[in-house]
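One structure, as structure tokens, below. Some questions next.
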Amino acid sequence: MRRSLELSRRRALTLGAGALAATMIGGAPAHAKNDSDELIKKFAGGKEPVKGKVKLDLPEIAENGNTVPMNVSVESPMTEQSHVTDLMIVADANPRGGVVTFRFSPLSGVAEANTRIRLAETQNVIALAKMNDGSVFMDTKLVKVTIGGCGG
Amino acid sequence: MTTRREFLQIAAAAAAIMPGGWSRSFAQQRLAQDDLLAFEPLGNVTLVHVTDIHGQLRPVFFREPSANLGVGESRAKPPHVTGKAFLDLYRIAPGSPAAYALTPEDFPALAKAYGRMGGLDRIATVVKAIRAERGDRVVLLDGGDTWQNSYTSLVSKGQDMVEAMKLLKPDAMVGHWEFTLGAERVKEIVEKLGFPFLGQNVRDNEWNEPAFEPMAMLERGSVRIAVIGQAFPYTPIANPRWMMPNWSFGIREEEVQANVDKARKDGAGLVVLLSHNGFDVDRKLASRLRGIDVILTAHTHDALPEAVRVGKTLLVASGSHGKFVSRLDLDVRDGEVRDYRYKLIPIFSDAIVSDAEMAAKINEIREPHGAMLAEEVGRTETLLYRRGNFNGTLDGVICDALLSERDAEIALSPGFRWGNSLLPGQAITREDVYNATAMTYPAAYRMTMTGARLKEILEDVADNLFNPDPYYQQGGDMVRVGGLAYTIEVGKPMGSRISQLRVLRTGQPLEAEKEYVVSGWASVNENTEGPPIWDVVFAHLAKEKVVAPREAEHVRVVGA
Amino acid sequence: MSDVKPRIRLDKKTAQKGDVIEVKTLVSHVMESGQRRDSAGNVIPRKIINKFTVDLNGKPLFSADIEPAVSANPYMQFRFKAQESGTLTFTWIDDDGTKITAQEKITVS
């Protein structure tokens, strides 16, 4: 999937850094594991993340790898007794796994956040929610980053 | 006309009796307007659906695909049934009008017998007849891909289609190719359209707020009808994003459900999704959401003589290029569809009379360009068609034009599903070329690409077509190639379907690191340079005079 | 302090206790990832907004620890349950230590 990296690079040029001819550092091989596994392990603190409660909304196919809209929400009463404390997003084939970590408190009342993220190529995005009792829940979504065109 | 009609009657007489809505007319051994329109009315709502007209004001030849492979859940299910298997599935007699309208079987001969299909003036006659019969029970919905892909729609920036469609008085529409007119033009048209241009799945990408009305609430036969609109979810990917930079699309399944729930809460007794998702996406959507009664599908150009039921949802597929009008009568009581009757009405242009009002409008639109469009620029000795998963003969001509006129080793032509067919022996007019190429980003580029890059492009498009999860598909066909042979294994995973790439000019395998001169058109990148593709084809035809492309042998399909 | 002006949208500024208020924020920022090189082959230094916090009357309501994989001109949207009237304080922190702040008042009855 080197092509996708090239693509995102080109998009980065047009959208982000102006006239600088920039290239990715490292030249990691296709689908090389980044540090996402370590990040997940550290975040979970020894707990096994359980699929559920977390809902990760991302487009199946990204319109623009440089800005992919993401919504993530967690089912929780958000009370003192039971609430989400941290909600971490990682991507498993970006140069680095970390994307963003949201922090909530019972004052939040709702555990939901929406932002826009960079995806260098087709990959899985993983959302992990840590509850105040230490339990960890997760959701994943495959997002395809394509060349585009040729459709219709 | 009499001769043609007599012939049609004889041909229909030979056809076997068929089940469903089509049986009535053909069983009566005639092919006349009254029979084509005959429909035993049912219930209190009539949905009328037209879609994917692609700027075609006049009747066309359009050959349905011989290759339309389904993968995953959709494998071998309609609409992924073609040719003989399609005839068997729907018990359609070979050689019958239905066989001609719905399959590629014996197409050139049947096309000569049964004539062209479609024409907005004929569609107007049908719509008016249904309204006359059903009065205020009728809802007319346009599934989109209406405003582009003909010469007059290109030069008028969609105005010709807007004005012609206005005469049909649709209740709502959705879009896809409409967006290739650019965001400003779309907004300008929508403001004055007079009926809603819906798009629950389009949001501004600054504040994440709806860019269009998500739904229209209509009242018919004492039923509240919610029409939720869904634009083509991958418009900024399949088409140039720079033309609509501030809008974000996507399937947005959760939002569809939220709109359905809102509609039900607001008292909708019938919920209709007017969708440009494509059939397989809609089939998956129907299996996952609650409360949608009908999905009027579009985009993938499928024409099915029966509605497909998924759970409690009915899916209707109304074909393309004006060949069909769908009529779905519904008995809606207490917020539920109790019964339905469906007919895919074939618009045989020689059997259905022209509506005078629409014909006048079409003449007015075409008059300034008529002589130019009618000019013959070549002739074909073989059938030219585009629709199908892999290379068709029409794109064979376009690829040949790119190879010779742009002096390229390899040609790429997009896998669009629009574009008419031409019969063997038919003159090729300027209009025929425009009907295969007219669009707003036509530059025929010439550039070098490595072999690896070419393979990546083929893999990428193949996955957009054959990913087993329909939500990851885009609904076009495979990119067409000239000068390059390849094998595709449809069932393989993403990135590993394409093999045995070979450069036809040299007979040598495509080398990953080597640079090749490639020409193509319809690049989604801004500022692509090159002459418009129609000029490339005109130049090619001026030299060749006669073309005779054969079925492509350089694309080998495995696991179909 | 930076002179960058963030933009904030609340779907309502007066609410009943228990109502959910939706907040959308945008701030102009290049979000240079530190993972790219310029034409001369030099690493373009990382410069991102690495933290976004929202407090209500000084109490933490919502925050985000941000990595280079968040897009340029970071957009943050969240919702919260209205409990008390007061001042929402929004803070964006740049890698270089610069802070961008903004405030919005809400009335809860």
Side-chain angles (χ1 to χ4, degrees), chain A residues 5 8-9 12-13 15-28 34 36 39 64-73 77-79 86-91 94-120 123 125, chain C residues 15 17-26 29-84 86 88 108:
Chain A
L5 285 173
S8 69
R9 205 148 66 210
L13 277 175
L15 295 173
L20 285 174
T23 53
M24 304 288 289
I25 292 169
N34 56 26
S36 52
L39 291 171
N64 173 0
N66 264 339
T67 172
V68 183
M70 176 185 78
N71 195 83
V72 58
S73 59
M78 295 302 283
T79 57
D86 309 277
L87 177 54
M88 180 176 75
I89 312 298
V90 298
N94 267 353
R96 287 171 52 203
V99 177
V100 62
T101 304
F102 303 108
R103 318 269 182 204
F104 300 94
S105 73
L107 191 62
S108 313
V110 182
E112 182 173 348
N114 186 308
T115 187
R116 292 163 193 156
I117 69 174
R118 289 168 170 157
L119 296 176
Q123 60 190 296
V125 178
Chain C
K17 195 170 169 161
D19 281 358
V20 171
I21 298 178
E22 185 173 74
V23 183
K24 298 177 174 183
T25 71
L26 265 173
H29 197 284
V30 62
M31 294 295 282
E32 186 55 61
S33 68
Q35 294 157 0
R36 307 191 308 154
R37 291 181 193 275
D38 63 19
S39 51
N42 304 312
V43 173
I44 306 168
R46 179 181 132 152
K47 179 175 167 53
I48 69 166
I49 298 279
N50 62 52
K51 199 166 181 67
F52 170 66
T53 66
V54 186
D55 293 355
L56 175 60
N57 299 332
K59 292 172 285 192
L61 185 68
F62 173 83
S63 72
D65 296 340
I66 298 170
E67 304 288 339
V70 167
S71 307
N73 307 324
Y75 174 84
M76 290 285 160
Q77 176 188 322
F78 66 98
R79 301 193 297 157
F80 70 99
K81 214 170 257 180
Q83 298 294 339
E84 59 190 58
L88 291 166
V108 177

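Below, each value reflects all heavy atoms present in this structure, side chains not excepted, and no hydrogens, waters or symmetry copies.
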Any A/Arg103 side-chain heavy atom under 4.5 Å of C/Pro60 side chain:
no

Nearest non-hydrogen partners of C/Ala69 and A/Asn94, listed with the distance
CB-ND2, 3.8 Å

Heavy-atom pair of closest approach, residues A/Pro95 and C/Gln35
CG-OE1, 3.6 Å

Using a cut-off of under 4.5 Å for heavy-atom pairs, which of A/Leu107, A/Val99, A/Ile117 has the most such pairs with chain C?
A/Val99

Determine yes or no for a side-chain-to-main-chain donor-acceptor pair under 3.5 angstrom, with A/Ser108 supplying the side chain and C/Phe80 the backbone.
no

Non-hydrogen atoms of chain A under 4.5 Å away: do they reach the side chain of C/Val20, the backbone, both or neither?
side chain

A/Met78 vs C/Lys81, side-chain contact (heavy atoms from CB on, under 4.5 Å): CA-CA, chis, key distance, verdict:
CA-CA 10 Å; A/Met78 295 302 283; C/Lys81 214 170 257 180; over 6 Å; no

Rounded distance [0.5 Å steps], OH in C/Tyr75 versus CE in A/Met70:
12.0 Å

Using a 4.5 angstrom heavy-atom cutoff, name the option from C/Gln83, C/Arg79, C/Glu84, C/Met31 with the most pairs to chain A.
C/Arg79

Would C/Phe78 and A/Val110 satisfy side-chain contact (heavy atoms from CB on, under 4.5 Å), going step by step from the backbone distance to the final call?
CA-CA 8 Å; C/Phe78 66 98; A/Val110 182; over 6 Å; no

Honestly, the part of C/Leu26 sitting under 4.5 Å from a heavy atom of chain A is side chain

For A/Phe102 versus C/Met76, what's the shortest heavy-atom pair and its separation?
CE2-SD, 3.9 Å

Spacing of C/Thr25 atom OG1 and A/Asn114 atom CG [to the nearest 0.5 Å]:
10.0 Å

Taking every heavy atom of A/Arg96 against every heavy atom of C/Glu67, the minimum-distance pair comes out as NH2-OE1, 3.5 Å

Which of the residues C/Ala82, C/Ala64, C/Ser63 is involved in the greatest number of heavy-atom pairs with chain A at under 4.5 angstrom?
C/Ser63

Minimum heavy-atom separation for A/Arg118 and C/Ala72, please, with both atom names.
NH2-N, 3.6 Å

Atom group of C/Pro68 that falls short of 4.5 Å from chain A, counting heavy atoms
both

